[in-house]
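What follows is one structure encoded as structure tokens, with my remarks underneath.
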Amino acid sequence: MSDIMSDMTQTSTPLVVFEDVRIEAGQASDPKVLAQGISFSLERGKVLGLIGESGAGKSTIGLAALGYLRGGCRVAGGRILLSGQDIVPDLGRKGVLDLRSTRIAYVAQSAAASFNPAYRLIDQCVEMALDRRLMSRAEAEERAHAYFKRFRIADPVEFGRRFPHQVSGGQLQRAMLAMAMLCQPEVIVFDEPTTALDVTTQIEVLATIRDALAEEGLAGIYISHDLALISQIADDIVVLRHGKIVEQGPTGQIVNAPEADYTRNLLDQTPLARQPDRTTRDAPRVDIRDAQGSYGQLKVLKGVDLRIGQAQSVALVGESGSGKSTLARALMGLFPLTSGRIELDGQQIGSLSSRKASVLQKLQLIHQYPDTALNPRQSIRKILTIPLRRFTRLRGAALEARLRELLRQVELPETLIDRYPPALSGGQKQRVCIARALAAEPEILVCDEVTASLDKLTADEITRLLGRLQTEQGLSTLLITHDFSLVRALADEVIVMRRGEVVEAGPMAEVTERPQHPYTRRLIASIPTFEPGWLDAQRVAEA
Amino acid sequence: MKDLMRSPVVKMMVARLLIGLGTIAVISFVIYGVIELLPGDIAREVLKSQATDESVRAFNERLGLDRPFLERYFEWLGNALHGDLGRSLISDVPVSELLAQRVKNSAFLAVLAAVLAVPLALLLGILSATFRNSVFDRATGITTLACVSLPEFALGYLMILFLAVKTGLFPSLSVIDPGAPLLERIWQTVLPALTLTLIVQAHMSRMTRSSLVALFQRPYIEMAELKGLRRRKVVWRHALPNAMGPIAVVITLNMAYLLTGIVVIEAVFAYPGLGQLMVDAVARRDIPLVQAASLIFATFYVSLNTLADVIGIVTNPRLLYARK
């Protein structure tokens, strides 16, 4: 290792070097290891991809490159170097602060949460340039406006005057890129910068990042859970699992000739096994007709029809703002329609408070974010007991037996029953959410983007679980999603929504194989692939 | 102007002001009504040994107490709106005359207490949040909570014991001469003001601390650190402005609470303020005086609560600058 290192120093010093880094949290006597044996180096002008599932330690490693460790974490071994300079452990807290923004910058996952709501965008973009006295305010603002313009923002000056909540997620992400580049750092750490965006917006932001890095000769560390996405931007890829490096190498090698089984699974493109089609001629269980609704002045549903048959699975796809989640909320009674009808088994159902217990029981919702959908202070037992007590007559030993049966149904070990949500992984939490919905013994399951916050392997497992439950329990399901592998595996019918209207609807195979509407085609084409040059092809197609 | 009226912020503020006015109207009715329900006969209470059937009837007639309740209420309210709060039953001096100097004295005490309490609470809260779980944080927490846990009068007597009787630093009773120079008045008022400060600052400093601690968890605070900003600037520039809304609301609510604390504290220090006047008036059954003092307290209390609501609205940039 040291020989290789000295060789590199002779040619050119790598920008970022991790040498056998070990990061721990908790008590020093009984540490929790978040990352160990992490070694890699990043050359000037190159992009390094860090890929792994949630909990793999990729964000921890990315932040450590900035000399930043979240509360309670520490570097317990190894060295982190920036341009040959030892930043961990040698440089103190203040020394590390001086490197940030000017030498190494950061772009966060959720731009909406990472901008201070109290300040205008321009003030936040120029803040560090002024704090370090690198340039005058006028110069800094001019630079920021130039970046906004380059990132295809129509009116840069007006844009800068806006507050974060006044612009879209994709625009915010570009503003954050401008903020990161303003002090001309040598390397930028991108922490899942497109995860919170729609697939179509993701392409635009990803291409912007790639072009910006290339034009200024900047290096990047790009963190993601999506290997296809990362293969479009990274020169080298480090595959992480449980805080250790599974495999690393040039992108072409990782994608075309992976060595580790884990990487091969990530690359596996075989479609998930599909349940037989369920087309039913019976009367629909759920019948939504001409649903219209608005948030204040903004019309979000402009007359939508939707029917779900017995044991049938309907997928509702579209970008954010298409109204798909609003329609699901209306079905659950959480959003009042301005006109239109929602019927369950031929009976009209109104707002949540007016619904009978039997209606509430039949319709159950699984949320997008298992992290926020579970009360962190309730044990899994408590979380599952609440709906069991509300909707079933089970008590005592029978209730206990049912609790364990529910855990088995969602393939969770029974030993988890007295744990609390923070101790569970993302996939496990989503399984608890599914078990909670099943506890009510529902007949119709509404799944709101249930795989969106999960990595591919976990998402595939959740998809298989939902497929099995559908068949075994004869559940009707409404899948709100933009994940087409979920659609292909589970849906019988697909409804494509855009700006509050249905643009295309039909049997799954027809819509996904022979999409009629250009918007549907664009949605499907926006899913990242491993094909080299895919990103450019999409860019061209959009222009 | 039309645009301004349509803005949701203006609409919400107007709504809050109307609710505040409505509340004061309801309170005025309650103040008038409750005194009506008090046991005992006002005339007999005031006239004492001279209360013959004849003198009681004459007393009631003179004060109009024989007329229907609602008629008397609206007359009283109408007069109050014109600044006529009636005459004292005891001294027959106009109530407004009795109140004038007392309101000024109380206001002086309240303002002095606020000037001491607000900066102190903010400073303690910010320091506790920045160095949370440190010895400083724990010590501040214990001290402030101990102060707020004691009954107000007990805290007042403790202050007298230690700062007046034992050390002789300040006078134990406040002798207020309206003509005295400002410094002299402050010196006379320091003990009751300090007691009030201890009472109200606990809640304010704890809320400042917890608002800031909650804000420190936000991604934009982490982002500010990842931009390389120093800790002090992260707190002052990125955390505090976002905490100001909730903190201002708590401060205003505590200023309202301070007004109620004044009634007890003035009695303890024999401070010639509105609270003491009211306590005396209740003892003497000087009904018009009690009603007027109650109405003034209620008006201040409701106004401060309304102000808290308005501050909560105008410090929220999401409300101030609507989506485009």
Side-chain angles (χ1 to χ4, degrees), chain A residues 59 62-63 65-71 93-120 123-125 127-132 158-159 161-168 176 179-180 182-183 185 188-189 191 295-298, chain B residues 2-3 6-12 126 129-134 137 211-249 311-324:
Chain A
S59 285
L63 289 170
L66 289 127
Y68 182 86
L69 294 149
R70 289 206 168 119
R93 207 187 103 83
K94 289 213 167 130
V96 167
L97 284 182
D98 289 336
L99 298 180
R100 296 190 195 145
S101 283
T102 46
R103 302 279 299 282
I104 182 164
Y106 181 76
V107 171
Q109 170 169 3
S110 168
S114 298
F115 274 105
N116 192 324
Y119 295 107
R120 295 173 198 276
D123 294 327
Q124 306 196 46
C125 286
E127 180 176 14
M128 291 318 293
L130 303 185
D131 193 72
R132 299 272 162 81
E158 203 272 336
F159 177 78
R161 273 203 292 266
R162 292 193 177 188
F163 284 88
H165 70 274
Q166 293 176 313
V167 306
S168 73
M176 189 161 343
M179 181 161 84
L182 202 92
C183 299
I188 301 178
V189 176
D191 194 353
Y295 291 113
Q297 298 290 314
L298 186 72
Chain B
K2 232 181 180 178
D3 276 356
R6 264 214 297 273
S7 129
V9 177
V10 174
K11 270 189 199 162
M12 283 165 97
I126 292 168
T130 315
F131 305 105
R132 72 174 170 286
N133 299 333
S134 65
D137 179 26
S211 309
L212 280 175
V213 166
L215 271 172
F216 288 161
Q217 311 297 321
R218 295 293 178 86
Y220 59 78
I221 298 299
E222 183 173 78
M223 188 69 210
E225 283 191 48
L226 287 168
K227 281 160 83 174
L229 216 55
R230 306 263 155 173
R231 180 74 160 280
R232 190 164 39 87
K233 286 181 182 166
V234 173
V235 173
W236 286 91
R237 208 185 279 169
H238 285 273
L240 260 187
N242 287 292
M244 255 8 261
I247 292 175
V249 170
I311 290 172
I313 295 170
V314 298
T315 50
N316 185 343
R318 280 165 197 272
L319 290 176
L320 222 47
Y321 303 94
R323 261 172 178 282
K324 287 186 184 159

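Note that the coordinates shown come from a computational prediction; the quantities given were computed from them, not determined experimentally. All values below were derived from every heavy atom in this structure, side-chain atoms included, with hydrogens, water molecules and symmetry-related copies excluded. By convention in this document, chain letters (A, B, ...) are assigned in the order of the sequence lines, proteins followed by strands, and residues within each chain are numbered from 1.
With rounding to the nearest 0.5 Å, the separation of CG in Asn116(A) from CG in Asn242(B) is 4.5 Å. If you take NZ on Lys233(B) and CG on Leu97(A), they are separated by 11.0 Å, rounding to the nearest 0.5 Å.
For Leu99(A), no part lies near chain B; criterion is any non-hydrogen pair under 4.5 Å. For chain B, the nearby parts of Tyr106(A) are the backbone and the side chain; heavy atoms of each come within less than 4.5 Å. There is no contact between Arg103(A) and chain B, counting heavy-atom distances below 4.5 Å. Neither the backbone nor the side chain of Ala105(A) comes within less than 4.5 Å of any heavy atom of chain B.
Here the closest heavy-atom approach between residue Ala118(A) and residue Pro241(B) is recorded as CB-CB, 4.5 Å.
Residue Arg218(B) qualifies as open at atom CZ: its count of foreign heavy atoms under 6.0 Å is 12 or below. Within a 6.0 Å radius of CZ in Arg231(B), other residues, nucleotides and ligands contribute 12 heavy atoms or fewer.
If you tally non-hydrogen atom pairs under 4.5 Å between each of Lys227(B), His238(B), Glu222(B) and chain A, the highest count goes to Lys227(B). Across Asp131(A), Asp98(A), Leu66(A), the residue that shares the most heavy-atom pairs under 4.5 angstrom with chain B is Asp131(A).
Using a 4.5 Å cut-off on side-chain heavy atoms (C-beta onward), Met223(B) and Met179(A) make contact.
For the pair Arg100(A) (side chain) and Glu225(B) (backbone), a donor-acceptor distance under 3.5 Å is present.
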